[in-house]
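All remarks here apply to the structure that follows.
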Amino acid sequence: MRVVDLIEKKKRSVSIMKRVLRVGYPRYSTDAAFREHIEYLRANFDAFDEITLFTEFDHNGYREPEEIATTVEILKKRIPEYRKLGYKSVGINLLCTLGHLEEAYDSHEPAPFGYMVSRDGVASRSCICPSTDACLKYIYDRYAAFAECGADFIWVDDDVRPGNHGPVKDGDFCFCDACISRYNSLFGTSLTREGAVRLFDECSDFRTKYTEMQFDNIRRVYDTVKRAVHGKHPEIKIGVMNNPVNIESSLVRASGAVMGRPGGGFYVDTMPILLFEKAFVIHSQTIRYPKEITDIQYEFESFNFQSYEKSKRMTELETTLSVLSGCNGALYSMSWFYDREDLTEPVAKYKKMWDTLTENCNGAVMTGVYCTGHRTAMYLIGAGFPVTNSKEKAVCACVLGADFPSVSDRDIEELLALGLYTDGDGFNALVSRGFGDRLGGKILGRYDNGMCERFSEHSVNGKYGGFFSNVFMTF
C-alpha cells in the first residue's frame, strides 16, 4: 500500500517545507568562530530557509543575570549579520527554562530560589521549581531580556514539563517545600512532603488535585513567557517544544505560541526501526495541536551532534517521515563547535521532493490501525502494518492486554465498534470488565510452552493461511 493511500488530507496554511538550521552557542559566541560559520553559510546558503540560535551551552536551569546580559549583547550583533546574508527569519531557542537534567551545576552559581525535589527528598542541582513567585519573576526577566535581542521568534524548549528533571523521575512530580506549601494554601491542608507522597500513592482525589496543580505550574510558566515577550514585542513569534506530556491545547495556548515542535528521540541510526517509533510519537502530538499552531517543525538531532551518527540516506528518510507525521518544517541541529557539511548535502539535495510532499500531504492525518501506545504500534510497524493515533481515521484498533488498565470503558465501547484486535490477556481483560458477551467466543485453555503457531485462513494472512511457525514460547 502506498503512503499516499494511508493519508487523509487536512490542509494547513503553510504548504512548503521549511528547512531550519539550529546553531550551537559556541559557533557564534566568539568572533573567530562566527566568521568561519558565516563562510559556511555563504557557501551553502540555499540549504536552509531559517536560522535558530541556541542561547546556552549546557542544560542547567539557572543563568546568572550577567551571563544573560552578555548573551543578549552578542545576539544583537549576530542576528543582523544573518539577515545581511539573506536569511529573512532569524530567531533564538532558549535551551533551558527550568532545566533538562543534572548538568553543569558546578559551573553556575546556585539559584536564589528552590530546585525540584523528588518524592524521597532528593533535590535537583540543576532543575528549578516554578512554584514560587521568585522563580516566575526570574523566568519573566530572562525572557524579557532576550526579547530585546532582535529575534523574529523565540522557542521555549521541552524542559517545561512536570517530571523527568534529574531526581524527579519521568511520570512523577516535584515534592519540594514550595510545592507542598502551595498545595496546602490552595486546599487548606497542612501536609508534609512524606504525607503528600503517601496520599499521592493511596488517594485518587489527592493525586488528581496534585497533578492538576503541577500542570497549572506549567501553564503559569507559559503565561509568564507570553507576558514577558509580548508585553513589549507582540510581533515576536513564540514557539513551544512539546512532548506527549505537555501537548494539551490549553497549555500550548497559554504560551501564545504559533510555532510547535513535537518532541521525541531518535539520535543514532544503528537501530532504524526506532525512527518509526519516533514518527508515531510525533504524529500523536501533531494531531493534537490547536489551530493557532501553523508552523510545525520536526527536530532532527544526532545527539550529541556527532557527524557519523546518521547517514545521508537516514537524513533523507527521517525528514520524509517527519512530513508524513504532520510536520511542515524540519529543524536540523548543527554540531556545537563545527559546521556539518555531511548534513548540508542531503538537506539541499531533497528540497524539491520535500516541498512537493509537504504541498500534497501537509497537515495530513494518517490512517491505519489505531494503537493506544507506541509498544503496540512498534509490533505492528515491524510486521508492516500502517498505524495511526487517530481513532477517527482508523480502519480498526489493536490493544494488547497490558494496555487495558489505561483504557476506559467508554473507549472500549468505541474500539469494539471500530473493530478490535487483541491478545489472550486482552481477551481476559475484556471479559473481566463485562464485555465478554461482545467477543463472539471464549478462552478454553492457556498454553505457555511446547506449542507451535498456525496462521488462520483470515484474509489478512493471504497466501500464508495455514502456515506453521515455531515461536519458541519459553525463550
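Along the sequence shown, the residues carry numbers beginning at 1. All values reported here derive from a predicted model rather than from experimental measurement.
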Where do [X] and [Y] come nearest, in terms of heavy atoms and distance?
{"X": "Gly264", "Y": "Ile282", "value": "N-CD1, 4.4 Å"}
{"X": "Cys396", "Y": "Tyr421", "value": "SG-CE1, 3.9 Å"}
{"X": "Asn360", "Y": "Thr356", "value": "ND2-O, 2.8 Å"}
{"X": "Val399", "Y": "Phe404", "value": "O-CE1, 3.5 Å"}
{"X": "His108", "Y": "Tyr62", "value": "ND1-O, 3.8 Å"}
{"X": "Pro244", "Y": "Gln285", "value": "CD-NE2, 3.8 Å"}

Hey, what's the ring geometry for Tyr138 with Phe113, parallel, tilted or perpendicular (30° and 60° as the breaks)?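 Rings of Tyr138 and Phe113: tilted, as their planes differ by 30° to 60°.
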
So Phe200 and Phe173, would you call those rings parallel, tilted or perpendicular, with 30° and 60° as cut-offs?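 Correct class here is perpendicular.
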
Side chain to side chain contact (heavy atoms under 4.5 Å, CB included) with Phe153: which of Ile92, Thr52, Val258, Asp295?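 For Phe153, the side chain to side chain contact (heavy atoms under 4.5 Å, CB included) check succeeds only for Thr52.
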
Please determine which of Val240, Val252, Ile139, Asn217 meets the side chain to side chain contact (heavy atoms under 4.5 Å, CB included) test together with Tyr222.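 For Tyr222, the side chain to side chain contact (heavy atoms under 4.5 Å, CB included) check succeeds only for Val240.
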
Side chains of [X] and [Y]: do they bring a donor and an acceptor to under 3.5 Å?
{"X": "Asp158", "Y": "Asn246", "answer": "no"}
{"X": "Thr358", "Y": "Asn328", "answer": "no"}
{"X": "Ser302", "Y": "Glu309", "answer": "no"}
{"X": "Asp159", "Y": "His165", "answer": "no"}
{"X": "Tyr143", "Y": "Thr97", "answer": "yes"}
{"X": "Asn184", "Y": "Ser181", "answer": "no"}
{"X": "Asp403", "Y": "Thr376", "answer": "yes"}
{"X": "Asn93", "Y": "Arg22", "answer": "yes"}

Cation over ring face, Arg19 and Trp354, 6.0 Å, 45°: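 No, Arg19 and Trp354 do not form such a contact.
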
Taking the six-membered ring of Tyr298 as reference, does the NZ or CZ atom of Lys278 fall below 6.0 Å from its centre and within a 45° cone about the axis?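 Verdict for Tyr298: a cation-pi partner in Lys278.
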
Assess whether side chain to side chain contact (heavy atoms under 4.5 Å, CB included) is satisfied between Leu343 and Phe300, documenting all intermediate values. CA-CA 10 Å; Leu343 176 64; Phe300 180 98; 3.8 Å; yes

State whether the number of non-hydrogen atoms from other residues, nucleotides or ligands found under 6.0 Å of [X] atom [atom1] is greater than 12.
{"X": "Asp133", "atom1": "CG", "answer": "no"}
{"X": "Lys391", "atom1": "NZ", "answer": "yes"}
{"X": "Glu414", "atom1": "CD", "answer": "yes"}

[X] side chain to [Y] backbone, donor-acceptor under 3.5 Å:
{"X": "Asp157", "Y": "Cys96", "result": "no"}
{"X": "Arg182", "Y": "Asp177", "result": "no"}
{"X": "Gln297", "Y": "Met259", "result": "no"}
{"X": "Tyr338", "Y": "Met334", "result": "no"}
{"X": "Glu102", "Y": "Ser124", "result": "no"}
{"X": "Thr320", "Y": "Glu316", "result": "yes"}
{"X": "Thr224", "Y": "Leu136", "result": "no"}
{"X": "Lys310", "Y": "Glu301", "result": "yes"}
{"X": "Tyr289", "Y": "Arg261", "result": "yes"}
{"X": "Asn389", "Y": "Ile287", "result": "no"}

Residue pair [X] / [Y], side-chain heavy-atom distance below 4.5 Å:
{"X": "Val197", "Y": "Leu199", "value": "no"}
{"X": "Pro346", "Y": "Met314", "value": "no"}
{"X": "Thr319", "Y": "Met17", "value": "yes"}
{"X": "Cys371", "Y": "Leu380", "value": "yes"}
{"X": "Met366", "Y": "Pro386", "value": "no"}
{"X": "Leu331", "Y": "Phe48", "value": "no"}
{"X": "Met378", "Y": "Phe280", "value": "no"}
{"X": "Pro130", "Y": "Met116", "value": "yes"}

Should [X] and [Y] count as an ion pair when the cut-off is N to O under 4.0 Å?
{"X": "Asp120", "Y": "Lys169", "answer": "no"}
{"X": "Arg119", "Y": "Asp172", "answer": "yes"}
{"X": "Glu194", "Y": "Arg198", "answer": "no"}
{"X": "Asp355", "Y": "Lys352", "answer": "no"}

Separation between [atom1] of [X] and [atom2] of [Y], rounded to the nearest 0.5 Å:
{"X": "Asn461", "Y": "Arg454", "atom1": "CG", "atom2": "CZ", "answer": "10.0 Å"}
{"X": "Asp58", "Y": "Tyr25", "atom1": "CG", "atom2": "OH", "answer": "10.5 Å"}
{"X": "Leu53", "Y": "Ile51", "atom1": "CG", "atom2": "CD1", "answer": "7.5 Å"}
{"X": "Ser89", "Y": "Glu50", "atom1": "OG", "atom2": "CD", "answer": "3.5 Å"}
{"X": "Ser255", "Y": "Ile218", "atom1": "OG", "atom2": "CD1", "answer": "12.0 Å"}

Do the ring centers of Tyr464 and Phe455 come within less than 6.0 Å of each other?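 They do not qualify: ring centres at least 6.0 Å apart.
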
So, for Phe175 and Tyr183, is the gap between ring centers shorter than 6.0 Å?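 Centroid separation for Phe175 and Tyr183: 6.0 Å or greater.
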
Should Phe468 and Glu453 be marked as a side chain to side chain contact (heavy atoms under 4.5 Å, CB included) after you check the CA-CA gap, both sets of side-chain angles, and the distance that decides it? CA-CA 6 Å; Phe468 282 89; Glu453 174 182 77; over 6 Å; no

If you apply the rule side-chain hydrogen bond (donor to acceptor under 3.5 Å, both in side chains), what do you find for Tyr350 with Thr315, and how did you get there? CA-CA 10 Å; Tyr350 296 105; Thr315 300; over 6 Å; no

Checking side chain to side chain contact (heavy atoms under 4.5 Å, CB included) for the pair Leu416/Leu439: CA distance, chi angles, key distance, verdict? CA-CA 9 Å; Leu416 287 172; Leu439 305 181; 4.2 Å; yes

Starting from the C-alpha separation in whole Å, work towards a yes-or-no answer on side chain to side chain contact (heavy atoms under 4.5 Å, CB included) for Leu415 and Val407. CA-CA 10 Å; Leu415 296 175; Val407 182; 4.2 Å; yes

